[in-house]
Chemist: 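Let me begin by handing over the structure; questions about it come next.
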Amino acid sequence: MTFVKASALTFSKDQVAVGLSHGNFGSHVGLAFHSAKDGVKLLHLRFHKQIASEDFPPTAPCWMATVPEIHATNAKALVGIARAVAKRNPSISFGINLFKANGAFDSNGHYRAPRGSDGLTCATFIAQIFHAAGLALVDIKTWAERSDDHLWGNAVCDLLGKVKADAEHIAAVRANINGIRLRPEEVAFSANEPSDSRPVRFAEAEAGGKNTMATLSALCPPPAPPAPPATVSPVLPIVSFQPPGPSNPTGQL
Amino acid sequence: MNSIRSAIMSYSDNCGSFAEAGSHAPQRHYAPLPTRHATDESAYEESADDIAVLPGQVASPDVLADYAKRSMDAGIVSKWRQHLFSIRASTDVDAISETVEYVFEAVARAGESSVDLRGVASNNVNAEHLVAVLRATYSNRHKIPGWEHARREASEALRLVALDPNEVLVGLD
């Protein structure tokens, strides 16, 4: 399977799809599935305590998507788990500690932050749903530090402040800045790999993630960056730091 | 609400039957229950289990509510078996999703021990629903009674329906 524009993607009720779009931190990832009664949904973690389950494909922004190669029996179980998670509409803090996030979904379908976890990102949210089903996309223990992702950690803390997250939570996230990040495009790349290549290790995911971003830009040209307001933090040039809201209705991070 | 109402009705029916049966049975003498008022909260120190309700006596609202809740919970907690132990059950995504949801509900209401897989055998289960149960409980598999046993039985159950266990059970080791 290859990535196509989400608007051109068709997939059956007993399959899932993984979608990728541009986002305020570079890219943003979500999981699409057929709900029991409400059509096709896209489940994603927009940002701090903002789970979204919206119609798929979204009208805006542009998304691309792929249908992961998963045995039909397993894909049906994964759809069941995705439906259950969406139904429970969990409140999930946006947090960056990758290693502590493992095991975030309990065997009752609820999100429960593991000990030491500060929350999930859009990427770890999707990775953890697959992990809960025993269908891990990535081999998290191989993930390594990247200098860019120290900047990303600081940018997350800045934005948590803008959405008025608890000071205690922001401090916990700041203490976890270590440059280790599972990027959304790496989740999408891993989902698109043959099933016998998963879970994907860091080196392959990093290289594949770059190609996946190139594919995204070809299918969905990146939006023009908004004129920087005076208060913009200079840490990440591609980041606009607009919290989800009227001026940033998609709110994708 | 309807299920609570029906549970209460069924409870009242049982009380009636018991009273009728009692008229033909040898006479028994029960110690009288202490006099209580339903509104006297401080009087209810025992759990509902400890309070007998005899023919002709009205159960307290607490007893009825507890009975209704336990009846409802017991029904929900056992629903995950519905498709699992039905070899001819539908295996479409909606049926599989129901099994996943029922497993989650059972665990939420009664803990992991309520999804007891020790009785699973390759020839008495629906293989695809078993895979759904195994995957839904994978994150806490060490707390599920018989999970490893069911995982082993799943291999043969899948073979019986011409599915490759090596492909289907990937990641569950």
Side-chain angles (χ1 to χ4, degrees), chain A residues 11-16 33-38 40-41 68-88 90 101-112 114 127-139 190 194-200, chain B residues 76-77 80 83-84 90-115 117 126-145 147 151 154 157-158 161-173:
Chain A
F11 65 105
S12 67
K13 279 184 79 175
D14 50 8
Q15 292 178 309
V16 297
F33 60 94
H34 290 256
S35 68
K37 291 176 184 164
D38 299 324
V40 186
K41 292 291 176 188
E69 182 190 296
I70 299 173
H71 191 284
T73 300
N74 294 333
K76 285 186 280 189
L78 191 57
V79 171
I81 291 171
R83 287 178 179 181
V85 170
K87 178 182 170 185
R88 284 156 179 77
N102 246 7
F105 287 99
D106 224 330
S107 51
N108 56 17
H110 287 277
Y111 167 76
R112 187 186 59 179
Q128 283 302 313
I129 291 175
F130 279 81
H131 183 270
L135 296 165
L137 293 174
V138 289
D139 185 358
S190 303
S195 58
D196 58 4
S197 300
R198 298 194 292 259
V200 177
Chain B
I76 290 169
V77 163
W80 61 272
H83 298 312
L84 177 63
S90 166
T91 56
D92 71 17
V93 68
D94 293 331
I96 295 289
S97 296
E98 277 183 3
T99 290
V100 170
E101 182 61 36
Y102 293 153
V103 166
F104 287 162
E105 277 292 321
V107 172
R109 285 170 185 264
E112 280 84 358
S113 61
S114 64
V115 183
L117 301 178
N126 183 301
E128 293 206 71
H129 284 277
L130 177 56
V131 171
V133 172
L134 291 171
R135 293 203 176 275
T137 53
Y138 175 74
S139 58
N140 273 342
R141 59 195 177 281
H142 54 285
K143 293 183 186 170
I144 301 288
W147 193 94
R151 160 68 183 78
L158 287 164
V161 291
L163 291 171
D164 181 352
N166 293 325
E167 279 185 34
V168 178
L169 299 177
V170 65
L172 292 181
D173 293 321

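We name chains A, B, ... by the order of the sequence lines, and we start the count at 1 in each one.
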Chemist: Can you tell whether the side chains of A/D106 and A/R112 come within less than 4.0 Å, N to carboxylate O?
Modeler: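 The answer is yes: the pair qualifies as a salt bridge.
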Chemist: For chain B, find which of A/S195, A/P199, A/G134 contributes the most heavy-atom pairs closer than 4.5 angstrom.
Modeler: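 The answer is A/G134.
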Chemist: Using heavy-atom distances under 4.5 Å, tell me whether B/V93 contacts chain A through its side chain, its backbone, both, or neither.
Modeler: both
Chemist: Given heavy-atom pairs under 4.5 angstrom as the criterion, report whether the side chain, backbone, both or neither of B/E112 touches chain A.
Modeler: side chain
Chemist: Heavy-atom pairs under 4.5 Å with chain B: which of A/H71, A/H131, A/R198 has the most?
Modeler: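 Sorted descending by pairs with chain B, the first entry is A/H71.
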Chemist: Counting only heavy atoms closer than 4.5 Å, note whether A/H34 contacts chain B via side chain, backbone, both or neither.
Modeler: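 Contact with chain B is absent: no heavy atom of A/H34 under 4.5 Å.
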Chemist: Let me know if B/T91 has heavy atoms under 4.5 Å from chain A in its side chain, its backbone, both or neither.
Modeler: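 For B/T91, heavy atoms of backbone and side chain both lie under 4.5 Å from chain A.
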Chemist: Hey, do the aromatic rings of B/F104 and A/H110 have their centres closer than 6.0 Å?
Modeler: no
Chemist: At a 4.5 Å cut-off on heavy atoms, which part of B/L158 comes close to chain A: side chain, backbone, both, or neither?
Modeler: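 Interface part for B/L158: neither.
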Chemist: Quick one: which of A/K76, A/K37, A/R83 gives a side-chain hydrogen bond (donor to acceptor under 3.5 Å, both in side chains) with B/D94?
Modeler: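 With B/D94 as partner, side-chain hydrogen bond (donor to acceptor under 3.5 Å, both in side chains) holds for just one option, A/R83.
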Chemist: Within a strict 4.5 Å, meaning less than it, do heavy atoms of the B/W147 and B/Y138 side chains meet?
Modeler: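 Yes, side chains in contact.
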Chemist: Taking every non-hydrogen pair under 4.5 Å, which of A/L135, A/T73, A/D14 racks up the most with chain B?
Modeler: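 Looking at each of A/L135, A/T73, A/D14 in turn, A/T73 comes out on top.
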Chemist: Quick check on the interface: out of B/V107, B/L134, B/I96, who has the most heavy-atom pairs with chain A under 4.5 Å?
Modeler: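 Answer, by heavy-atom pair count under 4.5 Å with chain A: B/V107.
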Chemist: With a 4.5 Å limit on heavy-atom distance, are the side chains of B/L130 and B/L84 in contact?
Modeler: yes
Chemist: Chain B heavy atoms under 4.5 Å from A/A84: which part of the residue, side chain, backbone, both or neither?
Modeler: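 The answer is both parts of A/A84.
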Chemist: For residues 129-138 of chain A, which residue pairs pass the salt bridge (Lys or Arg N to Asp or Glu O under 4.0 Å) check, not counting sequence neighbours?
Modeler: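 Non-adjacent pairs meeting salt bridge (Lys or Arg N to Asp or Glu O under 4.0 Å): zero.
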Chemist: Please list, chain by chain and in numerical order, all residues satisfying side chain to side chain contact (heavy atoms under 4.5 Å, CB included) with A/A82, sequence neighbours excluded.
Modeler: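 A/A82 satisfies side chain to side chain contact (heavy atoms under 4.5 Å, CB included) with A/L31, A/F33 only.
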Chemist: Only pairs of heavy atoms separated by less than 4.5 Å count here; which of B/H129, B/R141, B/R135, B/K143 has the most with chain A?
Modeler: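 Counting heavy-atom pairs under 4.5 Å, the top option is B/R135.
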Chemist: Identify the heavy atoms of B/S114 and B/G111 that sit nearest to each other, and give their distance.
Modeler: OG-O, 2.6 Å
Chemist: Measuring heavy-atom distances to chain A, does B/D173 have an atom under 4.5 Å in its side chain, in its backbone, in both, or in neither?
Modeler: neither
